[in-house]
Every structure is written in C-alpha cells, then in structure tokens.
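Here you go, one structure.
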Amino acid sequence: MKTTFSIIKADVGGWPGHALVHPDLIELANKKLAVAKKDKLLIDFHVAHCGDDLELIMTHNKGVDAEEIHCLSWDTFCEATEKARDLGLYGAGQDLLSDAFSGNVKGMGPGLAEIEFTERKAEPVIAFMMDKTEPGAFNYPIFKMFADPFNTAGLIIDPSCHDGFVFEVWDIKEHKNVMMKSPEEMYDLLALIGAKSRFVIKRVFPKTSSKLPSKEAVSAISTEKLYQIAGEYVGKDDPVGIVRAQSGLPALGEVLEAFSHGHLVSGWMRGSHNGPLMPVSLKDAQCTRFDGPPRVVALGFQLKNGKLTQPVDLFDDPAFDYTRNKAQHVMEYMRRHGPFEPHRLPMEDMEYTTLPKVMKKLGPRFKKIK
Ligand code: F6R
Ligand code: MG
Ligand code: MG
C-alpha cells in the first residue's frame, strides 16, 4: 500500500495583523484532524504554522487530490475562519476565495503539496513551510538539493544519486509544464527557473536508472498563485514543499544546506518587496519586521506505514545562526532602499497589488511629450 503525504495550508486569520496563527486555531485544527484519524480517514497528522499560515500535515492512503482529504481540509479552514471571526483576528477567511467547495481545494485559495509513494524501509520526509513569499522561492533551494554538486555531495560521490534527477517545471502564466533532466539539461532548466515568478519547480522525480520508482515524486511544491485566482492582491501564496531524503536522495543535511544562503525572494511587506529568506525555528516563525522578512520552517519526520514520528524543528540549530545573521544584514541593506527597486518589485510584478489603483488616479495627468 502506498502512502500519501499531504500538506494543505491557508491563511484564515492573523494574530495580530499578518504576524502569526492564533493558538485557538491550531487547537481547533488538531481536534478536527484527530476525529478524522479516529475515523481512519487519516493515518496520522501534525498541525503547524508558519507566520499567519495554518498548516495541515497529513498522511493517508487516499492518493493525491483525494476529495475526502480536500474536503476535510476545507471544512477545517472554514471552521477555523469562524473561530477567527469570533476572536476578531485579522483578515479572517483571507485565503478562502470561494463559498462553494467542489471536491478539490485547488484554485480555491489554500495551497497544497502532495506526494504518493512506496515507503522505503526507513523514510525521512521534510515538510517545508514558508510565509511572506511565493512558490518560486523554492526554485533555488530545490535546484541546489537535487542538481548542484556544490550543495549535494551525493551527486558526485554516491552512485545512487550520480545520474541526477528529473524536474517538472510549470509555467504558471501559460498553465503549461515541461519535464527536464539534470544534469543533461541543467542550463536550460536554469534559464527557466531563474525567472521564478513565472516558472516554478512543481515536482522532482528519480531517473529511470534509479532504484527508486521513477514515477513517484521525491519532492513536490505548492504552486497556487492567489492573485491569479482572486484577480487582485489578497496576500502572497506562502508556499509549502515536501522533500524526501536519504538512500539514493539528497541526505537530510544536503536538503537543509540548500537554505544556508538566505537567498532573495519576493513577497515580504504587501507582497511587493524582495528580501532574504530566513530559515527559522517554529518559535521564530512570526513575521514582525516590515511584515517579515520572509521565513521558512522545516519539520522533519520519519514515516512508518504512514505513521509520523514527532517532528524535529530542523532550523532550530545554531548552525543556521550565520545564515540568519547574514539575512538580517541583507534585510537592513534592502530596507534602506525604501520604495525603490530592487527592494520594491519591478512594475510587472506589481500588477496584482494595490499600485495600479494609484497609477490609475495619475493617468489623466500624463501629457504626451512632443
Ligand atoms: C504580506 C501581507 C502583509 C499585508 C500588509 C497590509 O503577504 O499579507 O504584508 O499585505 O500587512 O495588509 P492590509 O492591506 O490587510 O492592511
Ligand atoms: Mg495574512
Ligand atoms: Mg502568510
């Protein structure tokens, strides 16, 4: 029997502003998923948060896109929204963009990453959760883990990784996807995924030469774009990702190493600014300075027949202090630019923010230069 690992998340209200998830919402979600576990719909679950996003980490045997699992998540978010309204939390129900659930949460506001796979003898799985950024923020670290030998020593020295991996890249504007092999097509791959607001890594697969099944993803990223669904800015897409590790895949430490740069991502204040992605522990996953900076949390589990161990809060480690300090220097440097690019996003990325309204007001005052 295969196991499905799903992370489904939504911002259903912030505490205060867009900083954090209120503990009452976490408690509500825990209770709701505990009932689903008792009813055998879920094998196991863990509720977490990153910034103002409520994260449902679930294991089950229903496969990806399973209606019952999506319905459970949707109902949990709806009930959490009610709770958020009762408590007067900020932006209650922000990510629930439709009133009518139609069997799948895709395109309805929540973000999701799911993979179904045959468990190995020992199966380490890492749940990554980001706040105040967009799905393209995963391009850099996922590329580093699965394609860059300067990050992942296994690509050079472990025969079971040596052939590389296959990347599924989505063009989120044109709604198309393409499969690309690394290292053979690495330069073409980088040509696409460097444009991270348009081309995003959706999944990574082993090659057919691998001892792992080549059709079972070893990583998956949420690629929902809230602004494309909502038509106007309703918050960033705050993505999540799943990465399996070890035995023919990047080692846990190679997976985490990919986050040691504090790379620049877009999001942060009003979803309109570039800033460093800071890897933090759960207790520091609250967005404060200038509504940020963008953060990433990593929870590591071992799986056994779908059962989850307690998670390990993987960035809760002084080994990442250097990255955090560096991110803070970069944050300070970027902040000094105020409303100037490249701190503020370029015009084309501001299309779905509140800026066009300001530009519209100025429109009639522009006169042709003769
Ligand atoms: C970023 C984010 C926040 C808000 C900002 C303004 O993803 O959600 O930075 O954009 O706090 O929020 P409003 O417009 O709700 O006052
Ligand atoms: Mg929010
Ligand atoms: Mg958020």
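Basis for what follows: all heavy atoms, side chains included, without hydrogens, waters or symmetry-related copies. Order of listing sets the numbers, starting from 1, for every ligand and every atom in it.
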Which single N/O/S atom of D238 lies at minimum distance from the Mg ion (ligand 3)?
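For D238, the N/O/S atom sitting closest to the Mg ion (ligand 3) is OD2.
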
Please state whether the rings of F101 and W74 are parallel, tilted or perpendicular, taking 30° and 60° as the class boundaries.
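Parallel, since the angle between the ring planes stays under 30°.
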
With ring centroids as reference points, do H273 and W268 lie under 6.0 angstrom apart?
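Ring centres of W268 and H273 not closer than 6.0 Å.
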
Is the Mg ion (ligand 2) less than 2.8 Å from at least one N/O/S atom of D52?
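Given the 2.8 Å cut-off, D52 counts as a ligand of the Mg ion (ligand 2).
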
Does D95 bring an N, O or S atom to under 2.8 Å of the Mg ion (ligand 2)?
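Not a single backbone or side-chain N, O or S atom of D95 is under 2.8 Å from the Mg ion (ligand 2).
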
To the nearest 0.5 Å, how far apart are CD1 in I43 and NZ in K304?
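Interatomic distance, I43 CD1 to K304 NZ, rounded to 0.5 Å: 13.0 Å.
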
Please work out which of the three classes, parallel, tilted or perpendicular, describes the rings of F143 and F167, given edges at 30° and 60°.
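Judged by the thresholds at 30° and 60°, the geometry between F167 and F143 is tilted.
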
Closest by any non-hydrogen atom to atom 9 (O) of ligand 1: pick that one out of D131, D291, T353.
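Shortest heavy-atom distance from atom 9 (O) of ligand 1: D291.
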
Taking non-hydrogen atoms only, is H18 closer than 4.0 angstrom to ligand 1 via side chain, backbone, both or neither?
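Side chain only.
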
Please confirm whether D52 comes within less than 3.5 Å of ligand 1 when only nitrogen or oxygen atoms on both sides are compared.
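No, no N or O pair falls under 3.5 Å.
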
Counting each atom of ligand 1 from 1 as listed, which ones have a heavy atom of M269 under 4.0 Å away?
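What qualifies from ligand 1 is 9 (O).
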
Do you know which N/O/S atom name in H18 is closest to the Mg ion (ligand 2)?
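Minimum-distance N/O/S atom of H18 relative to the Mg ion (ligand 2) is ND1.
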
Can you check side chain to side chain contact (heavy atoms under 4.5 Å, CB included) on K62 and E68, steps first, answer last?
CA-CA 8 Å; K62 309 285 175 199; E68 299 135 284; 3.8 Å; yes

Could you say whether the N/O atoms of K132 and ligand 1 ever approach to under 3.5 Å?
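Among all N and O atoms of K132, none is under 3.5 Å from an N or O of ligand 1.
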
Distance check, rounded to the nearest 0.5 Å: L112 atom CG versus L56 atom CG?
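Rounded to the nearest 0.5 Å, the CG-CG separation comes to 11.0 Å.
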
Can you sort out which atoms of ligand 1 are near W268, meaning under 4.0 Å from one of its heavy atoms?
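Selected atoms, number and element: 1 (C), 9 (O).
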
Please find out if the Mg ion (ligand 3) and some N, O or S atom of D11 are separated by less than 2.8 Å.
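No, since none of the N, O or S atoms of D11 sits under 2.8 Å from the Mg ion (ligand 3).
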
Stepwise, does the side-chain hydrogen bond (donor to acceptor under 3.5 Å, both in side chains) test hold for S266 with E134?
CA-CA 7 Å; S266 62; E134 60 177 5; 2.9 Å; yes

Of the N, O or S atoms in D131, the one nearest the Mg ion (ligand 3):
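Going by distance to the Mg ion (ligand 3), the closest N, O or S atom in D131 is OD1.
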
For the Mg ion (ligand 3): the N/O/S atom of D53 at shortest distance:
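Per the distance ranking, D53 contributes OD2 as its closest N/O/S atom to the Mg ion (ligand 3).
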
Partner set under side-chain hydrogen bond (donor to acceptor under 3.5 Å, both in side chains) for E332, not counting sequence neighbours
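In terms of side-chain hydrogen bond (donor to acceptor under 3.5 Å, both in side chains), with neighbours along the sequence ignored, E332 is linked to R289, R336.
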
Please list, in number order, the atoms of ligand 1 under 4.0 Å from a heavy atom of Y90.
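Counting from 1, the qualifying ligand atoms are 13 (P), 15 (O), 16 (O).
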
Among I7, V240, V255, which residue satisfies the side-chain contact (heavy atoms from CB on, under 4.5 Å) criterion with F128?
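It is V255; the other options fail the test.
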
